[in-house]
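Numbering of residues begins at 1 and proceeds along the displayed sequence.
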Amino acid sequence: MKTTVEIPDTLFRQLKQRAQRENVSMRELIQAALLRFLAPPPEKGKPFKLKDGSFKGNGLVEGVSGWEQIRDLIYEGRGGSAP
């Protein structure tokens, strides 16, 4: 079936350049674009669920204030001093 469609000049130039780059006719390119546009949307999979990464503990340690103390506690008992 033939039809006439008006498109802006800039879009026409882009279409023509793309068709030349891909070595296809403008007709083929327009048909492929329309088929892709009209295709049903892909099925949605299961929604992403973040794995629970929490751990048991008593929360913050009283008296610890600052990264240096936290670092020292992390390396405590590991056979060396903190950098």
- prompt: With clusters built from Ile, Leu, Val, Met, Phe, Trp and Tyr whose side-chain heavy atoms come within less than 4.5 Å, directly or transitively, what are the remaining members of the cluster of F48, listed by chain and number?
  reply: L50

task: For Q20, enumerate each residue passing the side chain to side chain contact (heavy atoms under 4.5 Å, CB included) test, keeping only those at least two apart in sequence or located in another chain.
output: K16

Which pairs would a plain distance check flag for residues 3-15, meaning a side-chain donor or acceptor within less than 3.5 Å of a matching protein atom at least two apart in sequence or in another chain?
none

query: How would you list, by chain and number, every residue that makes a salt bridge (Lys or Arg N to Asp or Glu O under 4.0 Å) with E22, sequence neighbours excluded?
result: R18

message: I need the N23 CG to R21 CZ distance, nearest 0.5 Å.
response: 12.5 Å

message: By the side-chain hydrogen bond (donor to acceptor under 3.5 Å, both in side chains) test, which pairs, at least two apart or in different chains, include something from residues 43-55?
response: D52-S54

message: What's the separation between atom CG in D72 and atom CH2 in W67, rounded to the nearest 0.5 Å?
response: 13.0 Å

In a table with atom names and distances, give each donor-acceptor pair under 3.5 Å that connects a side chain of residues 26-40 to protein atoms at least two apart or in another chain.
unit_1 : atom_1 : unit_2 : atom_2 : d
E28    : OE1    : S25    : N      : 2.9
E28    : OE1    : S25    : OG     : 3.3

